[in-house]
Amino acid sequence: MTQDDARGVAASGPGGTPPGPPPVAPQPTVAVLAPELAEAARRLFGERLDVAAAYAELLATDGVVRGLIGPREAPRIWDRHLLNCAAVAELIPPGASVLDVGSGAGLPGVVLAIARSDLAVTLIEPLARRTAFLEEAVEELGLTDSVRVFRGRAEEAAVGSDAVPGDVVTARAVAPLDRLVGWCLPLTGAGGRLLALKGASAAEEITEHGEAVHRLGGGQPVLHRCGEGVVDPPTTVVEIVRERIVGPSPRKPPKKSRSRRR
């Protein structure tokens, strides 16, 4: 043992150099609006761009720490998430009530509420840790007058005294169209619409699940490219109108048992 070791002094590094400072834990990435995206952000969020920026920072920090956004997604918050979701607002009529199924970290529901102050938005999410984040985000962003958080599944939101019927139902990366239609169409009345944010395979999904959509009361799915000329690439959305109210299959009455003669 050296004299320095005996005195409790840190040992030298290789070659007799000091070992240097202890490693610093990595800090969450703060979402920065890139200059090439600034014009699109101004067009989509208008006077509420500062609120969108606050939400972007919240997603890139607290959202990452709490496991709602992947660390690799943090630098892409604006182009991959906020602008992508905000472009869908062009399909929603003024003053509509919007139900966002499987809201997760609030995409697209919170984004739409920021971009369109005229909308009444309900965020439907079954997991407690996610609804806790959503409630805190809604409070912090000053959206409590227009946004409600519902903890539960879509099936639960469609029934009971706490049912939340809407004009438009949104869903992003939740499930294939056949399951999505079964969950979402009951949340709206006849004439209401599902707007499903999809990826490159949207057209294939329409072909594959068209029959199921019709059976569940939906009309012919329509493919939209939202935000053309504003966001690149445009947001792919499948729109399905609820044309018919389809209830549960009627149960056949039980057969009467025949008494045997003795």
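Quick note: residue numbers are just sequence positions, from 1.
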Subject >> Connected via hydrophobic side-chain network under 4.5 Å: Leu180 and Val222 >> reply: no

Subject >> Contact check, side chains of Glu155 and Pro126, non-hydrogen atoms, under 4.5 Å >> reply: no

Original post:
Has the side chain of Arg48 got a donor or acceptor atom that lies under 3.5 Å from a matching backbone atom of Ala113?
Top reply: yes

Original post:
Below 4.5 Å, heavy atoms only, C-beta onward: do Val213 and Leu185 meet side chain to side chain?
Top reply: no

Original post:
Of all heavy-atom pairs between Leu68 and Ala105, which one has the smallest distance, and what is that distance?
Top reply: CB-CB, 4.0 Å

Original post:
Tell me, do Leu82 and Leu59 make a side-chain contact under 4.5 Å, heavy atoms counted?
Top reply: yes

Original post:
Rounded to the nearest 0.5 Å, how far does OG of Ser201 lie from CD of Glu208?
Top reply: 9.0 Å

Original post:
Do you know which two heavy atoms are closest between Leu119 and Pro93, and how far apart they sit?
Top reply: CD2-O, 3.9 Å

Original post:
Taking side chain as C-beta onward, heavy atoms only, is Asp100 less than 4.5 Å from Ile124?
Top reply: no

Original post:
Does His224 NE2 have over 12 foreign heavy atoms under 6.0 Å away?
Top reply: yes

**OP:** Taking Arg130 for its side chain and Ser103 for its backbone only, find out whether a donor-acceptor pair lies under 3.5 Å.
**Re:** no

Subject >> Side-chain ion pair, Arg42 and Glu39, N-O less than 4.0 Å >> reply: yes

Original post:
Looking just at side-chain N and O atoms, do Arg225 and Thr236 make a donor-acceptor pair shorter than 3.5 Å?
Top reply: yes

Subject >> Closest heavy-atom pair and its distance - Leu91, Cys226 >> reply: CD1-SG, 3.4 Å

Original post:
At what distance, to the nearest 0.5 angstrom, does CD1 of Ile77 lie from CD of Glu57?
Top reply: 11.0 Å

Original post:
Does the side chain to side chain contact (heavy atoms under 4.5 Å, CB included) test come out yes or no for Leu99 and Leu123, once each step is laid out?
Top reply: CA-CA 6 Å; Leu99 310 181; Leu123 310 174; over 6 Å; no

Original post:
For the side chain of Thr235 and the backbone of Ala87, is there at least one donor-acceptor N/O pair under 3.5 Å apart?
Top reply: no

Original post:
Going by heavy atoms in the side chains, are Asp79 and Asn84 under 4.5 Å from each other?
Top reply: no

Original post:
Between Asp167 and Gly95, what is the shortest heavy-atom contact and its length?
Top reply: OD2-O, 4.5 Å

Original post:
Do Arg215 and His209 get their side chains close enough for a donor-acceptor pair, meaning under 3.5 Å?
Top reply: no

**OP:** In sequence, state the C-alpha distance, the side-chain angles, and the governing distance for Val111 and Phe45, and then conclude on side chain to side chain contact (heavy atoms under 4.5 Å, CB included).
**Re:** CA-CA 9 Å; Val111 177; Phe45 291 105; 3.8 Å; yes

Original post:
Would Val241 end up clustered with Leu195 when hydrophobic side chains under 4.5 Å apart are linked, directly or stepwise?
Top reply: no

**OP:** Measure the spacing between CG of Leu83 and CG of Leu33 and express it to the nearest 0.5 Å.
**Re:** 7.5 Å

Subject >> Distance, nearest 0.5 Å, that separates CG of Leu223 from CD of Glu205 >> reply: 10.5 Å

**OP:** Ignoring hydrogens and angles, tell me if any N or O in the side chain of Glu139 forms a donor-acceptor pair with the backbone of Thr144 under 3.5 Å.
**Re:** no

**OP:** Taking only Lys NZ, Arg NE, NH1 and NH2, and the carboxylate oxygens of Asp or Glu, determine whether Arg66 and Glu136 approach each other closer than 4.0 Å.
**Re:** yes

Original post:
Considering all heavy atoms of both residues, which atom of Gly189 and which atom of Ile245 are nearest to each other, and what is their separation?
Top reply: C-CD1, 4.2 Å

Original post:
Measuring from Cys184:SG to Arg193:CZ, what's the distance to the nearest 0.5 Å?
Top reply: 14.0 Å

**OP:** Grab the two heavy atoms, one from Trp78 and one from Ala53, that are nearest each other, plus how far apart they are.
**Re:** CZ2-CA, 3.6 Å

**OP:** Report yes if the side chains of Leu177 and Ile206 come closer than 4.5 Å at any heavy-atom pair, otherwise no.
**Re:** yes

**OP:** Supply the atom-to-atom distance Leu194 CG to Trp183 CH2, rounded to the nearest 0.5 angstrom.
**Re:** 12.0 Å

**OP:** Could you pull out all residues at least two apart from Arg80 that satisfy side-chain hydrogen bond (donor to acceptor under 3.5 Å, both in side chains)?
**Re:** Glu73

Original post:
Can Val65 be reached from Leu127 by stepping across I, L, V, M, F, W or Y side chains whose heavy atoms are under 4.5 Å apart?
Top reply: no

Original post:
Around Glu47, counting heavy atoms of other residues, nucleotides and ligands shown, do more than 12 lie under 6.0 Å from its CD?
Top reply: no

Subject >> Min side-chain heavy-atom separation Phe150-Glu125 under 4.5 Å >> reply: no

**OP:** Compare all side-chain heavy atoms of Lys198 with those of Val237 and state whether any distance is below 4.5 angstrom.
**Re:** no

**OP:** Start with the C-alpha gap between Thr122 and Val98, add the side-chain angles, then the distance that decides, and say whether side chain to side chain contact (heavy atoms under 4.5 Å, CB included) holds.
**Re:** CA-CA 6 Å; Thr122 298; Val98 178; over 6 Å; no

**OP:** Take Thr170 and Val101 through the side chain to side chain contact (heavy atoms under 4.5 Å, CB included) test and state the conclusion after the steps.
**Re:** CA-CA 6 Å; Thr170 58; Val101 170; over 6 Å; no

Original post:
Quick one: does Arg116's side chain have a donor or acceptor within less than 3.5 Å of a partner on Ile92's backbone?
Top reply: yes

